[in-house]
Amino acid sequence: AGTTVGPAADWLQVNDRGVAKLDIRCAFKMDDDSILFAEYFGRAVFLEDMSLKDNYLVVSPLYRTDSGKYGYLEHHQYVAKMTELEMPSEKGEGRLVYVVHRIDP
């Protein structure tokens with residue numbers, strides 16, 4: 001597991017049909033003190049008063065690192081799909097949970 005470290009950035013472009021194009025860049029300091037850089041590209045739709053099945057977020061993360069321990073992440077393609085969404089409220093911060101699938105060559 002890692003801890004998010006800066007800088008990080010995200011870009012969100014929403015078209016007139018409500019489909020968002022995602023471009024996210026972030027870095028994590030890992031438990032072996034290495035840095036894992038992640039780039040996420042994908043699509044999302046978040047409509048008010050709609051169920052999770054009507055809203056979606058799908059990304060294709062890519063990873064880079066100089067870590068021997070986490071270097072295997074660079075050898076695969078990944079696809080992730082949102083499975084839970086809790087919007088921020090007076091009860092606390094929101095959260096986004098997704099399942100990640102590894103695509104093997």
Side-chain angles (χ1 to χ4, degrees):
T3 303
T4 305
V5 295
D10 58 53
W11 295 269
L12 181 70
Q13 297 174 329
V14 182
N15 68 21
D16 58 354
R17 292 175 302 283
V19 178
K21 177 183 172 188
L22 306 170
D23 183 348
I24 303 164
R25 318 288 171 100
C26 55
F28 304 92
K29 184 168 185 170
M30 304 305 286
D31 59 0
D32 64 350
D33 288 329
S34 67
I35 299 296
L36 177 68
F37 178 73
E39 299 175 277
Y40 292 74
F41 305 99
R43 298 273 190 249
V45 170
F46 297 107
L47 305 171
E48 287 187 43
D49 300 322
M50 301 295 277
S51 70
L52 185 60
K53 73 179 179 80
D54 296 318
N55 292 289
Y56 67 85
L57 182 144
V58 178
V59 294
S60 180
L62 296 172
Y63 301 104
R64 288 186 291 176
T65 185
D66 60 356
S67 169
K69 182 176 180 180
Y70 295 103
Y72 71 92
L73 292 169
E74 295 179 336
H75 294 270
H76 303 280
Q77 178 66 58
Y78 301 87
V79 177
K81 181 180 178 184
M82 177 179 67
T83 58
E84 266 183 67
L85 174 64
E86 293 178 18
M87 299 305 288
S89 69
E90 64 279 349
K91 295 178 183 177
E93 297 178 8
R95 74 182 195 136
L96 172 66
V97 177
Y98 48 92
V99 62
V100 179
H101 300 278
R102 183 178 78 190
I103 310 299
D104 291 323

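For clarity, every value in this text was computed on a predicted model and none was experimentally measured.
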Report yes or no: do Phe41 and Val45 belong to one cluster of Ile/Leu/Val/Met/Phe/Trp/Tyr joined by side chain heavy-atom distances under 4.5 Å?
no

Above 12 or not: heavy atoms from other molecules or residues under 6.0 Å from NZ of Lys69?
yes

Cluster question for you: counting only ILVMFWY and a side-chain heavy-atom cut-off of under 4.5 Å, with indirect links fine, are Leu62 and Phe28 together?
no

Between Tyr56 and Val19, is the side-chain contact (heavy atoms from CB on, under 4.5 Å) condition met? List the steps.
CA-CA 10 Å; Tyr56 67 85; Val19 178; 4.2 Å; yes

Arg25 CZ to Asp23 CG distance, which is reported to the nearest 0.5 Å:
4.0 Å

Go through the steps for Lys21 and Trp11 under the test side-chain contact (heavy atoms from CB on, under 4.5 Å), then give the verdict.
CA-CA 8 Å; Lys21 177 183 172 188; Trp11 295 269; over 6 Å; no

Any side-chain heavy atom of His76 within less than 4.5 Å of one from Ile103?
no

Hey, are Thr65 and Glu74 close enough side-chain-wise for a donor-acceptor pair under 3.5 Å?
no

Tested for side chain to side chain contact (heavy atoms under 4.5 Å, CB included) against Val79, the lone hit among Val58, Val100, Val59 is Val58

Quick one: pull up CZ in Arg64 and CD in Glu39 and give me the separation to the nearest 0.5 Å.
5.0 Å

Indicate the atoms forming the closest heavy-atom contact of Tyr78 with Tyr63, along with that distance.
CD1-CE1, 3.7 Å

Atom pair OG (Ser67) and CG (Asp31), whose distance is rounded to the nearest 0.5 Å:
8.0 Å

Minimum heavy-atom separation for Ala80 to Pro61, with atom names?
N-CD, 4.4 Å

Nearest-0.5 Å distance that lies between atom CG in Asp104 and atom CD in Gln77
11.5 Å

Ignoring hydrogens and geometry, is there a side-chain-to-backbone donor-acceptor pair from Thr83 to Val97 under 3.5 Å?
yes

Val5-Ile24 co-clustered via ILVMFWY side chain contacts under 4.5 Å:
no

Taking the side chain as everything from C-beta on, heavy atoms only, tell me whether Ile35 gets closer than 4.5 Å to Lys29.
yes

Between Leu73 and Phe37, is there a shared hydrophobic cluster once you connect ILVMFWY residues whose side-chain heavy atoms come closer than 4.5 Å?
no

Hey, what do you get for OH (Tyr98) to OH (Tyr40), rounding to the nearest 0.5 Å?
3.5 Å

